[in-house]
S.K.: 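Please find one structure pasted underneath; my questions will follow.
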Amino acid sequence: MANLWKKQKLRDTGLCRLGILFAVTVSIVLMLVSVPRTALNGSSIDDDLDGLDKDLEVKLNASLLSVARGNRMSLSLHRRNHFSPRNLDLYPDLAKDRVVIVLYVHNRAQYFRVTVESLSKVKGISETLLIVSHDGYFEEMNKIVESIKFCQVKQIFSPYSPHIFRTSFPGVTPNDCKNKGDEVKTHCEGNPDQYGNHRSPKIVSLKHHWWWMMNTVWDGLEETKGHEGHVLFIEEDHFLFPNAYRNIQTLTRLKPAKCPDCFAANLAPSDVKSRGEGLESLVAERMGNVGYSFNRSVWENIHQKAREFCYFDDYNWDITMWATVFPSFGSPVYTLRGPRTSAVHFGKCGLHQGRGDEGDCIDNGVVNIEVKETDKVVNIKEGWGVRVYKHQAGYKAGFKGWGGWGDERDRHLCLDFATMYRSSSSSASP
C-alpha cells in the first residue's frame, strides 16, 4: 500500500512539473508574440542587406552621415529609402496638379489605422503620391502601410532615429550626462539646456525626424525633387474628411489671387480645438500644425533659416518655427484656409509616449468624429472674400523655448541634415 502511495505521489509530482513547464512555455510564447517588433529586433530589416553587392554596400554606407556609418539598421533603412513607391501597377500615372501628401509617424499603430482609414475615403487620393515617413522601424506600422491599396505610397525611414541606436548617439551613450549638474561633477558627455536638463533621445527625436523628413522630401527623393507644387503634411493622429484633398487643391489654386502674402494653405484652424467658424468666407491666419501645406519657394525660405531652427532650445519643431523661424522672415506668416475644418487632430497623448500597459492612448480604442454631408464635398467657394486674423495668441518672437534641445551634438546633427543632400558626395543609388 505504501509503495502504491509513493508511485501515485511520484506520478502526481511529475504531472505537476509537466504542467508548470507547459504553463511557463506558453507564457513565454505569448509574451514574445505580444512584444512589438521594433527596429532593434526586426530580422526582416536585416535581411535587406543579404546578397547586397559589397561595393554597393560600401558606397551606400559612405553616403550616410558619419554618425550612422557602420550601423546595419541605418544602412538597411537608408537602402529602403531608395525603393520605388508601392502600387505603381494600380496607379501608374499621377495628376499633374497633384498635391503630394506626407504622413509622418512613430509607433502609435492604433492611431495610424484610424488615419489611414480616413485617407482611404478621401476623394481624389488615388491621383497623388502618399509618402509615409517613419521615425524608427516598427513592424506593426510597416504592415499598415503594406495594406494601403488606394494610392501610390512610398515609405521613407530616418536612418538617424535615436530609436535605432542602442549605445551610441543619437541614442543613449554610456557616458551621457543624465542629471542636472552631472557635467560639472563628472566627465560625462552632453550639454544641458537653458534649464539645466540633459537630452532625452525619445524627446529630441521629435524635432530630428521632422527636420530630416523636410530635407529628404524636398531635396532627397527622386519622386519629389522636381515637384514645384504644394506638399501637404499630416501626422499619424490626424483624421481627414473626404473633401480634404479637393479642398487643399482649391485653396492652393486660390491662394495666389486671394492671399498673395500667404505662405501656406491649411486644412484646419490653428486652434486645434476649433472646427471653424462656418462663415461664407476664407480665412487668413497664423500657420497651424494640422494639415499644413506649402511649396518649394517657402521651403527654400525655411531652409535658409537652418541655423535658427537648429539652435533654438526647444524640442518641438512647431514651436521652434513659430518662435524663431517665421519671425525671421520679416513679415507675418499667414496661411489660407476654409471656414470649416477638413482635418481633425484626435490624439490624446504625445507623439512619442506611444504604448502603455493598456495599449495606445486612445479613448478606449474608439474615435468618434462626426462627418457631415458638407464634409464629403468641396465646401470652399471661389467667390468668397478673405477674413484676416491679426494679433492671434500663440508662440511668438521673444519666447525662449521649453528646452530639451541644448546638446551641441543634436544641434550639429540638425545642421548636417540641412546639407546632406546639397553636397555632390551625398548621393548613392542601391
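A quick note: this is a predicted structure, and the numbers were derived from the prediction, not measured. These numbers come from the heavy atoms of this one structure, side chains and all, not from hydrogens, waters or symmetry mates.
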S.K.: Nearest 0.5 Å, please: how far is NZ in Lys225 from CD in Glu222?
M.R.: 4.5 Å

S.K.: Are the aromatic ring centres of Phe309 and Trp210 under 6.0 angstrom apart?
M.R.: yes

S.K.: Can Ser158 and Asp135 be counted as having a side-chain donor-acceptor contact under 3.5 angstrom?
M.R.: no

S.K.: Is it the case that the ring center of Tyr389 lies less than 6.0 angstrom away from the ring center of Tyr334?
M.R.: no

S.K.: Under the 6.0 Å and 45° cation-pi test, does Lys207 pair with Trp405?
M.R.: yes

S.K.: Quick check: do Ile101 and Ile125 have side-chain heavy atoms less than 4.5 Å from each other?
M.R.: yes

S.K.: In this structure, are over 12 heavy atoms from other groups packed under 6.0 Å from Glu408 atom CD?
M.R.: yes

S.K.: Looking at side-chain heavy atoms only, is the closest gap between Asp219 and Trp299 below 4.5 Å?
M.R.: yes

S.K.: Show your reasoning for whether ring-ring contact (aromatic ring centres under 6.0 Å, His included) applies to Phe239 and His345.
M.R.: CA-CA 6 Å; Phe239 182 99; His345 173 264; over 10 Å; no

S.K.: Has the side chain of Asp182 got a donor or acceptor atom that lies under 3.5 Å from a matching backbone atom of Lys178?
M.R.: yes

S.K.: Any salt bridge linking Lys376 with Glu373? Criterion: basic side-chain nitrogen under 4.0 Å from a carboxylate oxygen.
M.R.: yes

S.K.: Starting at SG of Cys188, measure out to CG of Asn175 and round the result to the nearest 0.5 Å.
M.R.: 6.5 Å

S.K.: On a heavy-atom basis, which atom in Glu183 and which in Pro192 lie closest, and how many Å separate them?
M.R.: OE2-CG, 3.7 Å

S.K.: So, for Pro170 and Arg199, which heavy atoms are closest and what is the spacing to 0.1 Å?
M.R.: O-NH2, 3.0 Å

S.K.: Aromatic ring centroids of His163 and Tyr137 under 6.0 Å?
M.R.: no

S.K.: I want to check something: taking the side chain as every heavy atom from C-beta on, are Asn243 and Val377 in contact at a cut-off of under 4.5 Å?
M.R.: no

S.K.: How about OH on Tyr315, more than 12 heavy atoms from neighbouring residues, nucleotides or ligands closer than 6.0 Å, or not?
M.R.: no

S.K.: What's the spacing between Asp375 CG and Phe241 CZ if we round to 0.5 Å?
M.R.: 4.5 Å

S.K.: Is there a donor-acceptor pair closer than 3.5 Å between any side-chain N or O of Arg340 and the backbone N or O of Thr374?
M.R.: no

S.K.: Between Arg422 and Glu300, is the closest basic N to carboxylate O distance under 4.0 Å?
M.R.: yes

S.K.: Quick one: do the Asp176 and His198 side chains pair a donor with an acceptor below 3.5 Å?
M.R.: no

S.K.: State plainly whether the residues Glu277 and Arg337 are in salt-bridge range, i.e. N to O under 4.0 Å.
M.R.: yes

S.K.: With sequence neighbours excluded, tell me which residues meet ring-ring contact (aromatic ring centres under 6.0 Å, His included) with Phe399.
M.R.: Tyr395, Trp402

S.K.: Nearest heavy-atom pair of Thr173 and Glu189: which atoms, and what distance?
M.R.: OG1-OE1, 4.5 Å

S.K.: Does Val100 form a side-chain contact (heavy atoms from CB on, under 4.5 Å) with Leu94? I'd like the steps, not just the answer.
M.R.: CA-CA 10 Å; Val100 174; Leu94 299 175; over 6 Å; no

S.K.: Run His208 and Ser161 through side chain to side chain donor-acceptor pair (under 3.5 Å) and show every step you take.
M.R.: CA-CA 8 Å; His208 276 313; Ser161 170; over 6 Å; no

S.K.: Check Glu285 with Lys390, please: is the shortest side-chain N to carboxylate O separation under 4.0 Å?
M.R.: no

S.K.: Does Glu146 offer a backbone N or O that forms a donor-acceptor pair with the side chain of Gln155 under 3.5 Å?
M.R.: no

S.K.: Please tell me if the side chains of Tyr245 and Lys123 come closer than 4.5 Å, counting only heavy atoms from C-beta onward.
M.R.: no

S.K.: Using the rule side chain to side chain contact (heavy atoms under 4.5 Å, CB included), only one of Val333, Val231, Thr252, Ile302 pairs with Phe294; which is it?
M.R.: Ile302

S.K.: For the OG atom of Ser342 and the CD1 atom of Ile248, what is their distance to the nearest 0.5 Å?
M.R.: 8.0 Å

S.K.: Any idea which heavy atoms bring Leu282 and Gly338 closest together, and the distance?
M.R.: CD2-CA, 4.4 Å

S.K.: Do the side chains of Arg113 and Glu117 get close enough for a salt bridge, i.e. N-O under 4.0 angstrom?
M.R.: no

S.K.: Before accepting this row, confirm whether a basic side-chain N of the pair Glu127/Arg246 lies closer than 4.0 Å to the acidic partner's carboxylate O.
M.R.: yes

S.K.: Looking at Tyr160 versus Phe165, is the centre-to-centre ring distance below 6.0 Å?
M.R.: no

S.K.: Taking the ring of Phe233 and the ring of Tyr292, is the distance between their centroids below 6.0 Å?
M.R.: yes

S.K.: Salt-bridged, Asp313 to Lys400, with N to O below 4.0 Å?
M.R.: no

S.K.: Return the set of residues passing side chain to side chain contact (heavy atoms under 4.5 Å, CB included) with Ser200 (not counting sequence neighbours), or none when no residue passes.
M.R.: Lys202, Ile203

S.K.: If you define the side chain from C-beta out and look only at heavy atoms, does anything of Val153 sit under 4.5 Å from Pro85?
M.R.: no

S.K.: Let me check something: any side-chain donor-acceptor pairs from residues 380-388 under 3.5 Å, sequence neighbours excluded? List them with distances.
M.R.:
residue: Glu382; atom: OE2; partner: Arg253; partner atom: NH2; Å: 2.9

S.K.: Which heavy atom of Ala397 sits nearest a heavy atom of Pro327, and at what distance?
M.R.: CB-CB, 3.7 Å

S.K.: Around atom NZ of Lys396, are there more than 12 heavy atoms from other residues, nucleotides or ligands closer than 6.0 Å?
M.R.: yes

S.K.: Leu254 versus Leu251: any side-chain heavy-atom pair under 4.5 Å?
M.R.: no

S.K.: Say whether, by atom type as modelled, one donor and one acceptor occur between the side chain of Lys255 and the main chain of Leu336 under 3.5 angstrom.
M.R.: no

S.K.: Output the distance between atom CG (Asn179) and atom CG (Asn197), rounded to the nearest 0.5 Å.
M.R.: 9.5 Å

S.K.: Between Phe150 and Tyr91, does the ring centroid distance fall short of 6.0 Å?
M.R.: no

S.K.: Whether the side chain of Asn266 engages the backbone of Val290 through a donor-acceptor N/O pair (distance < 3.5 Å, no angle test) should be reported.
M.R.: yes

S.K.: I'd like to know if the side chain of Arg98 reaches the main chain of Ala95, judged simply by a donor and an acceptor atom lying under 3.5 Å from each other, with no hydrogens or angles considered.
M.R.: yes

S.K.: Donor-acceptor pair, distance only, cut-off 3.5 Å: does the side chain of Asn71 make one with the backbone of Ser74?
M.R.: yes

S.K.: With a 4.5 Å limit on heavy-atom distance, are the side chains of Met287 and Phe263 in contact?
M.R.: no

S.K.: When you measure from the side chain of Ser274 to the backbone of Asp271, do you find a donor-acceptor pair of N or O atoms at a distance under 3.5 Å?
M.R.: no

S.K.: Drop me the distance from Leu65's CG to Asp416's CG, to the nearest 0.5 angstrom.
M.R.: 5.5 Å

S.K.: Between the side chains of Asn247 and Thr250, is a donor N or O closer than 3.5 angstrom to an acceptor N or O?
M.R.: no

S.K.: Using atom types as modelled and distance alone, determine if a side-chain donor or acceptor of Thr115 lies under 3.5 Å from a backbone N or O of Glu236.
M.R.: yes

S.K.: Are Arg307 and Tyr311 in a cation-pi setup, meaning NZ or CZ lies under 6.0 angstrom from the ring centre and within 45 degrees of the ring axis?
M.R.: yes

S.K.: Locate the shortest heavy-atom distance separating Cys151 from Leu130; write the atom from each residue and the value.
M.R.: SG-CB, 3.7 Å

S.K.: Any donor-acceptor pair under 3.5 Å linking the side chain of Asn215 with the backbone of Trp211?
M.R.: yes

S.K.: Got Glu57 and Arg79 here, is their nearest side-chain heavy-atom distance under 4.5 Å?
M.R.: no

